[in-house]
Amino acid sequence: MKRDFLFLLSFVIAGCASTSETSEGSTSALEPCCDLSVAPASANARLTDETFLSNGKSWRVRLEREDPIKMREFFSIDVWVDSADQLGLPAEGVTVRVDARMPHHRHGMLSPCEVSKVGPGHWRCSGMRLHMVGYWEFHIDIDDAGLVERAQTSIELE
């Protein structure tokens, strides 16, 4: 049993290091396979300007932001919600919640954002901050008297 564990452990250790030739100036033949350093602060991404439907197909959602989203910087987005059945009719009497999540990492933003109504079918989400590079999903939950539908879109922050 103990020998099986040590055998398995050697494969785990080998998977986290490469046995390639030692690079010049390196003191070890084992180099990490993954760069765990922080990504450059210039990483950014743009939101799509296309509308997308909620999962129940009751709502059309559009996100607006002119400037690219930059990693580790606070930003705001404008959220527009219209009835999918009656084109151009702004959503009224609904509550909108916004979140951004990294499903591959099983976490979201480090702090919640604040959503405030601006006008008919128009909300502004402030205080958003994406703290790392990778695949992010924006979740827009539209609550119509207890019936919640989610609309989502994604970006790749590089």
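The shown structure was predicted, so the numbers you read here are calculated from the model rather than taken from an experiment.
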So, does D144 use its side chain to make a donor-acceptor pair with the main chain of L147 at under 3.5 Å? no
Sub-4.5 Å side-chain heavy-atom contact between F138 and L130: yes
Quick check for you: to the nearest 0.5 Å, what is the distance between E137 atom CD and R101 atom CZ? 9.5 Å
Centroid separation under 6.0 Å, is that true for the rings of W136 and H104? no
Spatial distance of atom CD1 (I77) from atom CD1 (I69) [nearest 0.5 Å]: 7.0 Å
Between R65 and D78, is the closest basic N to carboxylate O distance under 4.0 Å? no
What is the distance from atom CG of L157 to atom NZ of K70, rounded to the nearest 0.5 Å? 11.5 Å
I need the single residue from V98, D99, I140 that forms a side chain to side chain contact (heavy atoms under 4.5 Å, CB included) with V115. Which is it? V98
Dump the intermediate steps for side-chain hydrogen bond (donor to acceptor under 3.5 Å, both in side chains) on E114 and S126, then the final yes or no. CA-CA 5 Å; E114 181 179 322; S126 308; over 6 Å; no
Run the side-chain contact (heavy atoms from CB on, under 4.5 Å) check on F52 and L63 step by step: do they pass? CA-CA 9 Å; F52 48 98; L63 304 180; 4.0 Å; yes
Rounded distance [0.5 Å steps], CE in M109 versus CZ in F74: 9.5 Å
So, do H107 and H131 sit near enough that their side-chain heavy atoms are less than 4.5 Å apart? yes
If you compare all heavy atoms of H122 against all heavy atoms of W80, which two are closest, and at what distance to 0.1 Å? ND1-CH2, 3.3 Å
Hey, what do you get for CE (M132) to CG (L110), rounding to the nearest 0.5 Å? 10.0 Å
Shortest non-hydrogen contact from A84 toward K57: CB-O, 3.4 Å
Heavy-atom closest contact (G127 atom, S76 atom, distance): N-OG, 4.4 Å
Intermediate values then yes/no, side-chain contact (heavy atoms from CB on, under 4.5 Å), V81 and R60: CA-CA 6 Å; V81 181; R60 298 169 79 67; over 6 Å; no
Candidate list V148, V61, N55, test side chain to side chain contact (heavy atoms under 4.5 Å, CB included), partner I142, passing option: V61
Are V79 and R124 close enough that some pair of their side-chain heavy atoms sits under 4.5 Å apart? no
Could you give the distance from CE (M71) to CD (E158), rounded to the nearest 0.5 Å? 12.0 Å
E149 side chain to S54 main-chain N or O, any donor-acceptor pair under 3.5 Å? no
Going by an N to O cut-off under 4.0 Å, is there a salt bridge joining E92 and K117? yes
Between R150 and D141, is the closest basic N to carboxylate O distance under 4.0 Å? yes
Heavy-atom pair with the smallest gap, counting every atom of V133 and M102: O-CE, 3.3 Å
Are the side chains of W123 and V118 in touch, meaning some heavy atoms are under 4.5 Å apart? no
